[in-house]
Amino acid sequence: QVQLVESGGGSVQAGGSLRLSCAASRNTYSMGWFRQAPGKEREGVAVIYTGTGDTYYADSVIGRFTISRDDAKNMLSLQMNSLKPEDTAMYYCAATDSYIPNRAIQALRVPWYNYWGQGTQVTVSS
């Protein structure tokens, strides 16, 4: 089992920045950030792999969001810059010990992740 606790959400105006953090009870094969807006499906935002540090981002956040992890502290972070109203959602930290094949396509898919935090709300106003 892995316990995940997110922090750092809040409200910000468009163009602003927020930093999300996730404290994990142990390291896992990969960890990532996902989000879910009202009435929409949960979607992958960014994922990072232990060891290699390989990262994958949703097209909508490339150039604006940066994912990072501190393996010594079991911490995951997401720096979000140039926020837009369409970034408004509940953001979830997720982790998996499963090997994910064909990472370039599969890494951001929700079904691969079996450990989830409770979520932290991000609201961006125009």
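Numbering starts at 1 and runs along the sequence shown.
Residues W116 and V110 meet the side-chain proximity criterion, which asks for heavy atoms closer than 4.5 Å. Between V61 and R35, the closest side-chain pair of non-hydrogen atoms falls below 4.5 Å.
Judged by the 6.0 Å and 45° rule, R42 forms a cation-pi pair with Y92. Annotation: cation-pi pair R103/Y49 present, NZ/CZ under 6.0 Å from the ring centroid and within 45° of its normal.
Identified under the disulfide (SG to SG under 2.5 Å) test for residues 50-126, with sequence neighbours left out: C22-C93. Evaluation of the disulfide (SG to SG under 2.5 Å) test over residues 30-85, restricted to residues two or more places apart or in two chains, returns none.
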Worked verdict on M80 versus V122 for side chain to side chain contact (heavy atoms under 4.5 Å, CB included): CA-CA 10 Å; M80 304 185 294; V122 171; 3.9 Å; yes
Criterion side chain to side chain contact (heavy atoms under 4.5 Å, CB included) on L20 and T120, from CA distance to verdict: CA-CA 8 Å; L20 305 183; T120 185; 4.0 Å; yes
Test side chain to side chain contact (heavy atoms under 4.5 Å, CB included) applied to W33 and L108, step by step: CA-CA 9 Å; W33 292 96; L108 293 171; over 6 Å; no
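Listed for the T52 side chain is a donor-acceptor partner under 3.5 Å among the backbone atoms of D54. At least one donor-acceptor pair under 3.5 Å links the side chain of Y57 to the backbone N or O of I67. E6 places a side-chain N or O within donor-acceptor distance of the main-chain N or O of G119, the cut-off being under 3.5 Å. Between the side chain of S25 and the backbone N or O of Q3, at least one donor-acceptor pair lies under 3.5 Å. Judged purely by atom type and a 3.5 angstrom limit, S17 has no side-chain atom pairing as donor or acceptor with the backbone of N81. When atom types are taken as modelled, the side chain of T50 and the backbone of T28 share a donor-acceptor pair closer than 3.5 angstrom. S82 places no side-chain N or O within 3.5 Å of a backbone atom of R64 that could act as its donor or acceptor partner.
Closest approach of L4 and A24 over heavy atoms only: CD2-CB, 3.6 Å. Contact between S98 and Y29 at its shortest, heavy atoms only, is O-CD2, 2.9 Å. Across Q79 and R19, no two heavy atoms sit closer than the pair OE1-NH1, 3.2 Å. Heavy-atom minimum distance, L18 versus G8: CD2-O, 4.1 Å. Between A14 and S126, the shortest heavy-atom contact is CB-CA, 4.3 Å. Scanning both residues, S30 and V47, for their nearest heavy atoms gives CB-CG1, 4.3 Å.
You'll find the ring centres of F34 and Y91 outside the 6.0 Å limit.
With sequence neighbours left out, F65 forms a ring pair (Phe, Tyr, Trp, His ring centres under 6.0 Å) with no residue at all.
Between M31 atom CE and S68 atom OG the span is 11.0 Å, to the nearest 0.5 Å. Interatomic distance, R109 CZ to N102 CG, rounded to the nearest 0.5 Å: 10.5 Å. The distance from the NZ atom of K40 to the CE atom of M90 is 15.5 Å, given to the nearest 0.5 Å.
Atom CG of D59 has 12 or fewer heavy atoms from other residues, nucleotides or ligands within 6.0 Å.
Looking at R26 and D97, a side-chain N of the basic residue comes within less than 4.0 Å of a carboxylate O on the acidic one, giving a salt bridge.
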